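Take a look at the structure set out below.
A quick note: this is a predicted structure, and the numbers were derived from the prediction, not measured. The sequence lines fix the lettering, A, B, ..., with proteins before strands; numbering per chain opens at 1.
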Amino acid sequence: MTQRASSVRALFLTYGVLLALLAATLATWAAGLGTASFAISLAIAAAKAALVVIVFMGARHSRPVTWFLFASGALWLAILIGLTMADVATRTPPIVR
Amino acid sequence: MPAARLGSVDAPAPAAQFDDVEQQRVSASLGMWIFLTTEVLLFGAIFTAFAVHRYRWPDATAAASSHLDVTLGALNTAVLLTSGFTMALAVRAAALGKRRAVAVTLAVTALLGAAFLGIKALEYSREIDAGLLPGATFRWTGSDAGPVQLFFVLYFLATSLHALHLATGIAMIAFLLVRQIRGRDIPVEVPGLYWHFIDVVWIFLFPLLYLAAGR
């Protein structure tokens, strides 16, 4: 498996989509839907991050072991945030006032 | 190791522990991915703190976040996305052996990174003038002064840690450019992975910090 060069077209297209997603984020914020706007902007951020990882970082051309590492990072992050929030949300009396 | 040089006249010899240049390249890339996995958890801890803060004090999060400059934050996001694009072009040029294109795209990437830091510094100076820097000079006339100050602790911690990473990336590019000008071969793929990671961190920091208030 030799190093594969992404096409300029693919990189340009990805860059254009990233800027469009940024514009969509700002439009969602300007729409003023409160928590819904915030949730949508985070979902868009996840989509942007996925594009950067898959195209710019070349994950689409990489070996399974790279995907394994990526998945392990996501899993530990999910444990970190998930279990912390479960604790904060359910502990009685609350940890902090 | 003469045997390793047989493939191509231009191909550099791998270090002693590798079978060939390709194995060396994949190992270097894998090493950076492992490092970035640990970085996910470093920034992940700060993201977790934001989640807890928002859950416990949603009103304070909104009040504090509304004092950040969304226009400058969005501008910086665009600057960083552009630098990611030019870095991807640099990695492509390196894979194709185009040295001049590598130098130009890397230089543009570093300049965009410096522009990001400049805009960030402008934001910091305005926020400090407004009394938003936590500590003795913190000024807040509204309610929830404690939780609001805590938000700004997290804001300055997250953004300065991100800026430190970006400054490291700029220094790394400058180092590589000097090496290339001196006629050495330089790695671009692995520094590229690091740069894109910094980009990804900011992609999440922008909505978490600037858009937390709604409008």
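- Residue contact with chain B, scored on non-hydrogen atoms closer than 4.5 Å, involves the backbone and the side chain of A:A89 alike.
- Remark: B:R54 fails to qualify as a cation-pi partner of B:F151 under the 6.0 Å distance and 45° angle criteria applied to the six-membered ring.
- Between A:Y15 and A:F56, a ring centre-to-centre spacing not shorter than 6.0 Å is recorded.
- Taking all atoms of both residues into account, the shortest heavy-atom contact from B:A64 to B:F152 is O-CZ, 3.5 Å.
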For this session: Check the pair A:S41 / A:T28 against side-chain contact (heavy atoms from CB on, under 4.5 Å), numbers first and verdict last.
Result: CA-CA 7 Å; A:S41 70; A:T28 309; 5.5 Å; no

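- The shortest side-chain heavy-atom distance between A:F12 and B:F85 falls under the 4.5 Å cut-off.
- Interface check for chain B: of the options A:V55, A:I44, A:L80, A:T84, the most heavy-atom pairs under 4.5 Å are formed by A:L80.
- Looking at B:D185 and B:R179, no side-chain N of the basic residue comes within less than 4.0 Å of a carboxylate O on the acidic one, giving no salt bridge.
- When each of A:A46, A:G58, A:S72 is checked for heavy-atom pairs under 4.5 Å with chain B, A:A46 comes out on top.
- Comparing A:L69, A:V52, A:I81 by heavy-atom pairs within less than 4.5 Å of chain B, the highest count is held by A:L69.
- No other option in B:Y55, B:F43, B:W195, B:F47 has as many heavy-atom pairs under 4.5 Å with chain A as B:Y55.
- For chain A, the nearby parts of B:V40 are the backbone and the side chain; heavy atoms of each come within less than 4.5 Å.
- For the options B:V200, B:L96, B:I203, B:T37, heavy-atom pairs under 4.5 Å to chain A are most numerous at B:I203.
- Proximity to chain A involves both the backbone and the side chain of B:L30, based on heavy atoms less than 4.5 angstrom apart.
- Only the side chain of A:M85 comes within contact range of chain B, with at least one heavy atom under 4.5 Å from a heavy atom of that chain.
- Each of B:G44, B:P207, B:A212 has some count of heavy-atom pairs under 4.5 Å with chain A, and the biggest count is that of B:P207.
- Using a 4.5 Å cut-off between heavy atoms, B:V70 touches chain A through its side chain atoms alone.
- With a 4.5 Å cut-off on non-hydrogen atoms, B:T82 touches chain A through its backbone and its side chain both.
- Under a 4.0 Å N-O distance rule, the pair B:E123/B:K120 qualifies as a salt bridge.
- The six-membered or imidazole ring of B:F206 lies away from that of B:H162, with a centre-to-centre distance of 6.0 Å or more.
- With a 4.5 Å cut-off on non-hydrogen atoms, A:L26 touches chain B through its side chain but not through its backbone.
- With a threshold of 4.5 angstrom between heavy atoms, B:L208 approaches chain A through its backbone and through its side chain.
- The candidate from B:L89, B:L36, B:T38, B:L193 with the greatest count of non-hydrogen atom pairs under 4.5 Å with chain A is B:L193.
- Using a distance-only test at 3.5 Å, with no hydrogens or angles considered, a donor-acceptor pair links the side chain of A:T90 to the main chain of A:A86.
- The nearest pair of heavy atoms linking B:L176 to B:P191 is CD1-CG, 3.6 Å.
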